Undergrad: 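Can you read through this structure? Questions will come right after.
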Amino acid sequence: MDTSLSFESFLSGAGQAAAKAMEDHGRGEYDEFALHGGVAVERLAKAALIKKNPVFLVEMRNGPSDMLLYFGGHLKMDPEKVRTVGANEALRRLRRMAVLPSDPQLDLLIELRNGTAHTTVGDQAKTLLPTLAETVVVLLADIGISVNQFWGRWATAVNVAVDKERNDIQRDVEIRIRQARHRFEDKLEGLPTGSKDHILGETAEKLEIVGVARGDDQLLALLSTIPCPSCKATARVKIVPMEAEEPGLTLRATALHCFVCQLDLHTPDEISAASVDIEDALLPTSVHTMRDTTPATGLRVEHLHRF
């Protein structure tokens, strides 16, 4: 049989696609995540089928039985003419064998990968990382491969993705922190010794700590710095009063951006999930006055991606 249709080949291809899916998700490229995530599931499903019996890869169609004979090891064929079962049918067969449960979210991932879902890919795919992780865990258990062996450096992030003790925000933030850490590690690869300390120090020097106030001296926000929960570089954090009528009485962080690993946290809940303590933030050395006639009641400071 063609080596590209072997168990080892399908398993290797699944691992490569799964790693790309994790990288895509970390960069916010959710269309690409759906593509690579779907490919990972399909190849791993085929690895599970072929390990049980190579003939389980045969597409059941009317016509000659050449494919059946080929996968059974009794006929030689031109590799270019060989066709295997598609992703949907591979999953259907594994469900019939009670390897995989029915899962509408997994079906959606495959539809997004195939371009058959009537929706914006990125909007839906963003939430499907736990689905990918859980499906891979089940298939790995069936074929006898450990999570660490398959996922490598992504294993910890995947374990977080399937951790039912955490809520959705906690899982999402922890995964993004680990994804950002890997991005930073990739940037450092091949650089001279000491590059990491140089990058971290240079970033800290460039970030000014300021306060922004209205013309009536009412505090709008602090643009401060805080250690990044991912790479420990100096990150920018936006801090605003919780009560506009009593500025400075109670503050909360509403957004964080790290210029080194590109970690972004967009809401107070995400910052809380990352265990960011605003008591670690530095106080501003200057206050900028902004002339504004907007009433203080109901004041809302919108998140700016780069502050």
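As a basis for the values below, the full set of heavy atoms in this structure was taken, side chains included, without hydrogen atoms, waters or symmetry mates. Keep in mind the model is a prediction, meaning the values are calculated, not measured. All residue numbers in this chain count up from 1 along the given sequence.
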Undergrad: Could you tell me whether the side chain of Ile143 reaches within less than 4.5 Å of the side chain of Leu11, counting heavy atoms only?
TA: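 Answer yes - side chains close enough.
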Undergrad: Identify which one of Arg27, Gln179, Lys187 satisfies the side-chain contact (heavy atoms from CB on, under 4.5 Å) criterion when paired with Gln262.
TA: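 One option only clears the test, and that one is Lys187.
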Undergrad: Report the distance from atom CG of Asp103 to atom CG of Leu108, rounding to the nearest 0.5 Å.
TA: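 That separation rounds to 9.5 Å.
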Undergrad: Mind running side chain to side chain contact (heavy atoms under 4.5 Å, CB included) on Asp24 and Tyr30 for me, showing each step along the way?
TA: CA-CA 6 Å; Asp24 295 332; Tyr30 302 118; over 6 Å; no
Undergrad: List the atom of Met97, the atom of Phe56, and the distance in Å for their closest heavy-atom pair.
TA: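 Smallest interatomic distance, heavy atoms only, reads SD-CE1, 4.2 Å.
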Undergrad: Does a salt bridge link Arg113 with Glu42, judged by any charged N lying under 4.0 Å from a carboxylate O?
TA: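 Between Glu42 and Arg113 there is a salt bridge, with a charged N closer than 4.0 Å to a carboxylate O.
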Undergrad: Hey, are the side chains of Thr254 and Ile239 touching, using non-hydrogen atoms and a 4.5 Å cut-off?
TA: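 SC-SC contact between Thr254 and Ile239 ruled out.
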Undergrad: I need the minimum non-hydrogen distance between Val160 and Arg171, along with the two atoms involved.
TA: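 The answer is O-CD, 3.2 Å.
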Undergrad: Under 3.5 Å, side chain of Ser230 to main-chain N/O of Arg181, donor-acceptor pair present?
TA: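 A pair under 3.5 Å: yes.
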Undergrad: Is it the case that the side chain of Ser195 and the backbone of Pro192 share a donor-acceptor pair, with hydrogens and angles ignored and the cut-off at 3.5 Å?
TA: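 Yes: the side chain of Ser195 pairs with the backbone of Pro192.
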Undergrad: Looking at Asp172 and Arg166, is there a salt bridge between them, counting it only when a charged N and a carboxylate O are closer than 4.0 Å?
TA: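 Judged by the 4.0 Å cut-off on N to carboxylate O distance, Arg166 and Asp172 do not form a salt bridge.
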Undergrad: Hey, are the side chains of His266 and Asp264 touching, using non-hydrogen atoms and a 4.5 Å cut-off?
TA: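 His266 vs Asp264: side chains touch.
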Undergrad: What I want to find out is whether Arg92 reaches Glu89 closely enough, with some N-O distance under 4.0 Å, to be called a salt bridge.
TA: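 Salt bridge between Arg92 and Glu89, a charged N being under 4.0 Å from a carboxylate O: yes.
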Undergrad: To the closest 0.5 Å, what do you measure between CD (Gln170) and CG (Asn167)?
TA: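 The CD atom of Gln170 sits 3.5 Å away from the CG atom of Asn167.
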Undergrad: Determine whether Asn159 and Trp151 make a side-chain contact, defined as any pair of heavy atoms from C-beta on separated by less than 4.5 Å.
TA: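 The answer is no, as the side chains (C-beta and beyond) never meet within the 4.5 Å cut-off.
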Undergrad: Ala21 and Gly37: which non-hydrogen atoms are nearest, and at how many Å?
TA: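 Minimum heavy-atom separation between Ala21 and Gly37: CB-N, 3.7 Å.
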Undergrad: How many angstroms lie between atom CG of Leu129 and atom CZ of Phe33, to the nearest 0.5 angstrom?
TA: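 Here the rounded value is 5.0 Å.
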Undergrad: Could you go step by step and tell me if Leu140 and Val137 meet the side chain to side chain contact (heavy atoms under 4.5 Å, CB included) rule?
TA: CA-CA 5 Å; Leu140 290 178; Val137 167; 5.7 Å; no
Undergrad: Side chain to side chain contact (heavy atoms under 4.5 Å, CB included) between Thr225 and Val237: does it pass, once the steps are laid out?
TA: CA-CA 6 Å; Thr225 61; Val237 64; 5.9 Å; no
Undergrad: Is Leu35 linked to Phe10 within one hydrophobic cluster, defined over Ile, Leu, Val, Met, Phe, Trp and Tyr using a side-chain heavy-atom separation of less than 4.5 Å?
TA: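 Looking at the clustering, Phe10 is in a separate group from Leu35.
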Undergrad: Testing the basics here: between Val138 and Val99, what is the closest heavy-atom pair and its distance to 0.1 Å?
TA: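 Taking Val138 first and Val99 second, the nearest heavy atoms are CG1-O, 3.2 Å.
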Undergrad: Can Leu256 and Arg236 be said to form a side chain to side chain contact (heavy atoms under 4.5 Å, CB included), step by step?
TA: CA-CA 6 Å; Leu256 179 147; Arg236 172 73 81 198; over 6 Å; no
Undergrad: Atom CG of Leu91 and atom OG1 of Thr135: how far apart are they, to the nearest 0.5 Å?
TA: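 Rounded to the nearest 0.5 Å, the CG-OG1 separation comes to 8.0 Å.
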Undergrad: Does any non-hydrogen side-chain atom of Val136 lie less than 4.5 Å from one of Phe150?
TA: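 In short, these two side chains touch, coming nearer than 4.5 Å.
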Undergrad: Heavy atoms only: give me the nearest Leu263-Pro229 pair and the separation to one decimal.
TA: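 Taking every non-hydrogen atom into account, CD2-CG, 3.7 Å.
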Undergrad: For Lys51, is the NZ atom crowded, meaning more than 12 foreign heavy atoms sit under 6.0 Å from it?
TA: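 Above 12, so yes.
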Undergrad: Just by distance, no angles: are the side chains of Glu185 and His182 close enough, under 3.5 Å, to form a donor-acceptor pair?
TA: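 A pair is found: one side chain offers a donor N or O, the other an acceptor, under 3.5 Å apart.
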Undergrad: So Val173 and Asp269, do their side chains get closer than 4.5 Å, heavy atoms only?
TA: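 The answer is no, as the side chains (C-beta and beyond) never meet within the 4.5 Å cut-off.
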Undergrad: Do you know which two heavy atoms are closest between Cys261 and Cys228, and how far apart they sit?
TA: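 Between these two residues, the closest heavy atoms are SG-SG, 3.7 Å.
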Undergrad: About how many Å separate CD1 of Ile50 and CD of Glu8, when rounded to the nearest 0.5 Å?
TA: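 Interatomic distance, Glu8 CD to Ile50 CD1, rounded to 0.5 Å: 8.5 Å.
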Undergrad: Any chance you could measure Arg176, atom CZ, to His25, atom NE2, to the nearest 0.5 Å?
TA: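 So the gap between those two atoms works out to 9.0 Å.
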Undergrad: Would you say that Leu94 contacts Leu139 through its side chain, given a criterion of any heavy-atom pair below 4.5 Å between the two side chains?
TA: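 Yes. Closest side-chain heavy atoms under 4.5 Å.
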Undergrad: Hey, does the side chain of Lys46 reach the backbone of Val85 with a donor-acceptor pair shorter than 3.5 angstrom?
TA: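 Answer holds: yes.
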Undergrad: Using the test salt bridge (Lys or Arg N to Asp or Glu O under 4.0 Å), find all partners of Asp197 that sit at least two apart in sequence or belong to another chain.
TA: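 Partners of Asp197 under the salt bridge (Lys or Arg N to Asp or Glu O under 4.0 Å) test: none.
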Undergrad: Would a hydrophobic clustering, with Ile, Leu, Val, Met, Phe, Trp and Tyr connected at side-chain separations under 4.5 Å, put Val39 with Ile145?
TA: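 No; Ile145 is not reachable from Val39 via cluster members.
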Undergrad: What I'd like to find out is whether the side chain of Ile199 reaches to under 4.5 Å of the side chain of Leu188, using heavy atoms alone.
TA: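 In short, these two side chains touch, coming nearer than 4.5 Å.
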Undergrad: Under the 3.5 angstrom rule, does the side chain of Arg95 hit a backbone N or O of Leu100 as a donor-acceptor pair?
TA: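 Not at all, since once roles are kept as given, no pair shorter than 3.5 Å links the two residues.
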